[in-house]
Q: 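Attaching a single structure in structure tokens format; questions to follow.
Proteins come first, then strands; the chains are lettered A, B, ... in the order of their sequence lines, and each starts at number 1.
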Amino acid sequence: MTTALHIYHSITRQKELFIPETPGFIGMYVCGPTVYNDVHLGNCRTFVSFDIIYRYLQTIGYQVRYVRNITDVGHLLDDGEDRMSKGARLEKKEPMEVAQKYTVGFHNMMRIFQTLPPSIEPRATGHIPEQIEMVETILKNGLAYIKNGSVYFDTQKYIDNKGDYGVLSGRKIDELLSETRDNLKNQSEKNHPADFAIWMKASDEHIMRWNSPWGIGFPGWHLECSAMSLKYLGEVFDIHGGGNDLKFPHHENEIAQNMGSCQCKGAKYWLHTNMLLLNGKKMSKSDGNTISPEQLFIGNSEHISKSYSPMVVKFFMLQCHYRSTLDLTDAALLAAEKGYKRLMEAYKWIQSVNHPGTKGDAGQDADIEALIEAAHLDMADDFNTPKALSRLFELVNKLNSLKDKHIGWDQISPATFENIKQVFSLFINDIFAVDSDVEGDLSGNQDKSLLDGLMNLIIQMRNDARLRKDWATADLIRDALKENKVELKDGKDGSSWQVTES
RNA sequence: GGUCGGGUGGCCGAGUGGCUAGGCAGAGGUCUGCAAAACCUCGUACGACGGUUCGAAUCCGCCUCCGACCUCCA
């Protein structure tokens, strides 16, 4: 932990030196998915980004408690996506059934993207008492009022007391006033249009409902994150993350709730990931500009020409900084796929090779050590994955030169070579976690030795043919293998092979 | 209309007051029986217009285009 970590804080809008509340420990909260629908690719980008951050913080020595919630209340209205049947009781889907289905799907997708599970994954419905308690505290502090069984946060009073509503989003409360839509529910109940519900009275049709001091209802949309981060991370914790689109009103309200209840600001650093676009536009189901992770993986979409493996998609995401919008296009994915393969081939090569000599060359060693150092510094500079990747590619260049004997073994010392090995392993396995796709990796299981043996035999037979200058046989073998998705490459040290995808 | 963030070479994308990533594609070359891969070389970009400066694509102003948010939203 020698390098100073700088992260971009959304409130101050600049990079700041990161100082954890407790040395050596980090509390991180990320707003999780609402499980009423299949995971959206954009969600995946956000959670992949925070997974990289989580992994990176651990590799530099922090003990991290990563809390990511599951939102299973608040948006589950019965006119939602899953259209609860109006028929018999058994035909209706229990809200929990819906939530369970999509939670499982979400977890699956996270596994496919090789993300680590968070330390704690609390559900909003599992924390109703905590939320009620928080509402009570806010009421007690005089920053909320009750209207017809609902409780609203009093933004006016909050501003009079503290005056910082809008720090995150830059909104001015007076401007919010003029833009109010009259079709908003219960708008007339509010004292001020900027006020928001922290407890909602349940109408008769509303299927999720709990008893509370204010009658039957359900918690407000923004309350769960305040209550759960407080419970698991305390009044002050280090990092709060989420998608850019949650800044307002969700995060803004969260801050207000925290301040309004325990007078604590919650997160010290707010991080926001930027949006994933499809062909330059926001993904939207209504106008067909959308693609699901599954469609991407099986190539079933008008927007792409072929399928892309999860790791290619992940690599594609890592080539862009988390704070930038990323435009997903077929051409960009194609380019990412090739780059990914190149990186991984170099990685596999270095894993399988040991330095044969003892000497090195000061010039090359210094070059390489500088690249390695730079890659670490890039990550410490607001998690700059694209820049760190660029260093890795420069190392790939060195490795390929070494492989092709343009650089001699006597020019790179064993220690430096070992360092390259380590940095590749660190980034590709531990930080980026793009080492292999979950399925379809033929060389990854116990069949490997059998396959290796067979391939060695075939390669040997072909080499005999080549020595006899029997090109017809040699080419026949190579072509036949290619038909079976095995690609042969004749290098200076003999032939190598790999299984090709699709 | 308001808030915020952007417009970088053929494409994707970093970055930055002077040293100007990386990937993909393209051109030429090396290697190779051929192929593939790899390696070497090349392109010299920062929306428009003003301004600040010895010097800006990087700072300021204005214009323009794009995106997100302002309503559940990663």
Q: Base, sugar-phosphate alone, or nothing: which one does K469(A) contact when heavy atoms must sit under 4.0 Å apart?
A: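 Contact class for K469(A): none.
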Q: When all nucleic acid strands are considered with a 4.0 Å heavy-atom cut-off, which category describes E394(A): base, sugar-phosphate, or nothing?
A: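 Counting heavy atoms under 4.0 Å across all strands, the contact made by E394(A) is with sugar-phosphate only.
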Q: Please indicate yes or no: is the ring centre of F393(A) less than 5.5 Å from the centre of the six-membered base ring of rG23(B), with the two planes inclined by under 30 degrees?
A: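 Here the ring of F393(A) and the base of rG23(B) are not stacked, as the 5.5 Å and 30° limits are not both satisfied.
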Q: Any base atoms under 4.0 Å from G42(A), or only sugar-phosphate, or nothing? Heavy atoms, all strands.
A: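 Here G42(A) touches the bases of the nucleic acid.
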Q: Can you tell me which stems RNA chain B forms, taking runs of 3 or more consecutive Watson-Crick or G-U pairs with both distances under 3.5 Å?
A: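 Looking at RNA chain B, the stems formed by three or more consecutive pairs are B:1-7 with B:64-70, B:10-12 with B:22-24, B:26-30 with B:38-42, B:49-51 with B:59-61.
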Q: Which part of the nucleic acid, if any, lies within reach of H272(A) when heavy atoms closer than 4.0 Å are counted: base, sugar-phosphate only, or nothing?
A: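 Nothing, no nucleic acid heavy atom in range.
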Q: Quick one: label R391(A) by what it contacts on the DNA or RNA (base, sugar-phosphate, nothing), any heavy atom closer than 4.0 Å.
A: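 Nothing: the residue R391(A), judged by heavy atoms under 4.0 Å, touches no strand.
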Q: Looking across every strand, which nucleic acid part, if any, lies under 4.0 Å from G166(A) by heavy atom: base, sugar-phosphate, or nothing?
A: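 Contact class for G166(A): none.
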Q: Give, ordered by number, those residues of residues 397-404 of chain A having at least one heavy-atom distance below 4.0 Å to an atom of RNA chain B; if nothing qualifies, reply none.
A: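 N397(A), N400(A), S401(A), D404(A), in order of number.
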Q: Without placing hydrogens or testing angles, list every side-chain donor-acceptor pair under 3.5 Å for residues 475-484 of chain A, not counting sequence neighbours.
A:
unit_1	atom_1	unit_2	atom_2	d
D475(A)	OD1	R478(A)	NH2	3.4
N484(A)	ND2	A480(A)	O	3.0

Q: Expressed in whole Å, how much space separates the C1' atoms belonging to rG55(B) and rC69(B)?
A: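 These two C1' atoms come out 39 Å apart once rounded.
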Q: Does K398(A) have any side-chain contact (heavy atoms from CB on, under 4.5 Å) partners at least two apart in sequence or in another chain, and if so, which?
A: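 If we apply the side-chain contact (heavy atoms from CB on, under 4.5 Å) test to K398(A), skipping adjacent residues, the hits are Q364(A), D367(A), I368(A), I407(A).
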Q: Determine, for nucleotides 6-19 of chain B in 5'-to-3' order, which nucleotides have protein heavy atoms under 4.0 Å from the base (write B), from only the sugar-phosphate (write S), or from neither (write -).
A: ------SSSS----
Q: Could you go through nucleotides 28-31 of chain B and list every protein N or O atom that sits under 3.5 Å from one of its N or O atoms, giving the distance for each pair?
A:
none

Q: Mind checking if L343(A) touches a base, just sugar-phosphate, or nothing, with heavy atoms under 4.0 Å?
A: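 Answer is nothing: L343(A) stays at 4.0 Å or more from every strand.
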